[in-house]
S.K.: 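One structure, pasted below without further comment.
Chain naming here is simple, since letters A, B, ... match the order of the sequence lines and numbering starts at 1 in each.
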Amino acid sequence: MSAIWLLKTEPDTFSIDDLRACPDGTSGWDGVRNYQARNRLRDEMCKGDTVLIYHSSCPQPAIVGEACVVSDPYPDPSQFDADSAGFDSRSSHDNPRWYQVDIRYVCSYAQPLLLKKLRQDEEFTHMELVLHPRLSVQKVAEREFQRIQQLCQPEDTSP
DNA sequence: GCCAACGTTGGC
DNA sequence: GCCAACGTTGGC
């Protein structure tokens, strides 16, 4: 039983179009530096899980498309790189602190689900995005996912 | 282990 | 750019 996740990103830094443009549409999801998010990513994410991409800190915050998890969790290499913004001197290869997974682009939504709209829909009243908006690795319920797909209609499923 | 200070996030 | 919410740090 695969899970559904929502990952937040600032489109100025790394957008869903940037993911799409990566070789094979695949990129490491690095830079998670929050323990609750880390724990979920490291302990609960599995290859094959579904990912919703959310754009934050931008003019139109929204769920903009889908990706899928294509690796098991592994240590985020940027924590060991002194020249990287993600460097953490407390991490060691024996005892890594931060983890990531690789994700692959699946689709962009024809109609992104704007945060504004999402807040207006009763189906999402108890969604983590509404209750715990700062958490960067969020769980999405199957019902919520179905409603999102209903509202957004992936571009690549036209008959 | 408490808690004040401080830093970050992110919608608006 | 403001500010509320909230996570992290570090002195005690």
S.K.: Give me, pair by pair, the N or O atoms of the protein and of nucleotides 4-8 of chain C that are less than 3.5 Å apart, along with how far apart they are.
M.R.:
{"residue": "C/dA5", "atom": "N3", "partner": "A/Arg134", "partner atom": "NH1", "Å": "2.6"}
{"residue": "C/dC6", "atom": "O4'", "partner": "A/Arg134", "partner atom": "NH1", "Å": "3.3"}
{"residue": "C/dC6", "atom": "O2", "partner": "A/Arg134", "partner atom": "NH1", "Å": "2.9"}
{"residue": "C/dC6", "atom": "O2", "partner": "A/Arg134", "partner atom": "NH2", "Å": "3.4"}

S.K.: Nearest whole angstrom, please: distance from the P of B/dT9 to the NE2 of A/His55.
M.R.: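 Answer to the nearest Å: 17 Å.
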S.K.: Please list, chain by chain and in numerical order, all residues satisfying side-chain contact (heavy atoms from CB on, under 4.5 Å) with A/Ala21, sequence neighbours excluded.
M.R.: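 Here no residue qualifies.
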S.K.: Sorted by first residue and then second, give each ring pair (Phe, Tyr, Trp, His ring centres under 6.0 Å) pair with at least one member in residues 40-84 of chain A; sequence neighbours left out.
M.R.: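 Pairs touching residues 40-84 of chain A that pass the test: A/Phe80-A/His93.
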S.K.: Run the side-chain contact (heavy atoms from CB on, under 4.5 Å) test against A/Arg33 and tell me which residues pass, sequence neighbours left out.
M.R.: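 Result, side-chain contact (heavy atoms from CB on, under 4.5 Å) vs A/Arg33: A/Asp76, A/Ser78, A/Gln79, A/Trp98.
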S.K.: Near DNA chain B, which residues from residues 117-129 of chain A have a heavy atom under 4.0 Å away?
M.R.: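 Contacting residues: none.
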S.K.: Are A/Val70 and A/Leu41 co-members of a hydrophobic cluster defined by side-chain heavy atoms under 4.5 Å apart?
M.R.: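 Shared cluster, no.
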S.K.: Taking only residues at least two apart or on different chains, which pairs with a member in residues 140-151 of chain A satisfy salt bridge (Lys or Arg N to Asp or Glu O under 4.0 Å)?
M.R.: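 Those involving residues 140-151 of chain A are A/Asp121-A/Arg147, A/Glu123-A/Arg143.
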S.K.: Got a sec, which pairs hit salt bridge (Lys or Arg N to Asp or Glu O under 4.0 Å) with one end in residues 36-45 of chain A, sequence neighbours left out?
M.R.: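 Every salt bridge (Lys or Arg N to Asp or Glu O under 4.0 Å) pair that includes a residue of residues 36-45 of chain A, provided the two are not neighbours, is A/Arg40-A/Glu128, A/Glu44-A/Lys139.
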S.K.: Tell me every residue that passes salt bridge (charged side-chain N to carboxylate O under 4.0 Å, His left out) with A/Asp81, counting only those two or more places apart in sequence or in another chain.
M.R.: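 Counting only residues at least two positions away or on another chain, A/Asp81 forms no salt bridge (charged side-chain N to carboxylate O under 4.0 Å, His left out).
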S.K.: To the nearest Å, give me how far apart CD1 (A/Ile63) and P (B/dG11) are.
M.R.: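 Spelled out: CD1 on A/Ile63 to P on B/dG11 is 12 Å.
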S.K.: Only pairs at least two apart or in different chains count here, so list each ring pair (Phe, Tyr, Trp, His ring centres under 6.0 Å) that has a residue in residues 120-153 of chain A.
M.R.: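 Residue pairs with at least one partner in residues 120-153 of chain A: there are none.
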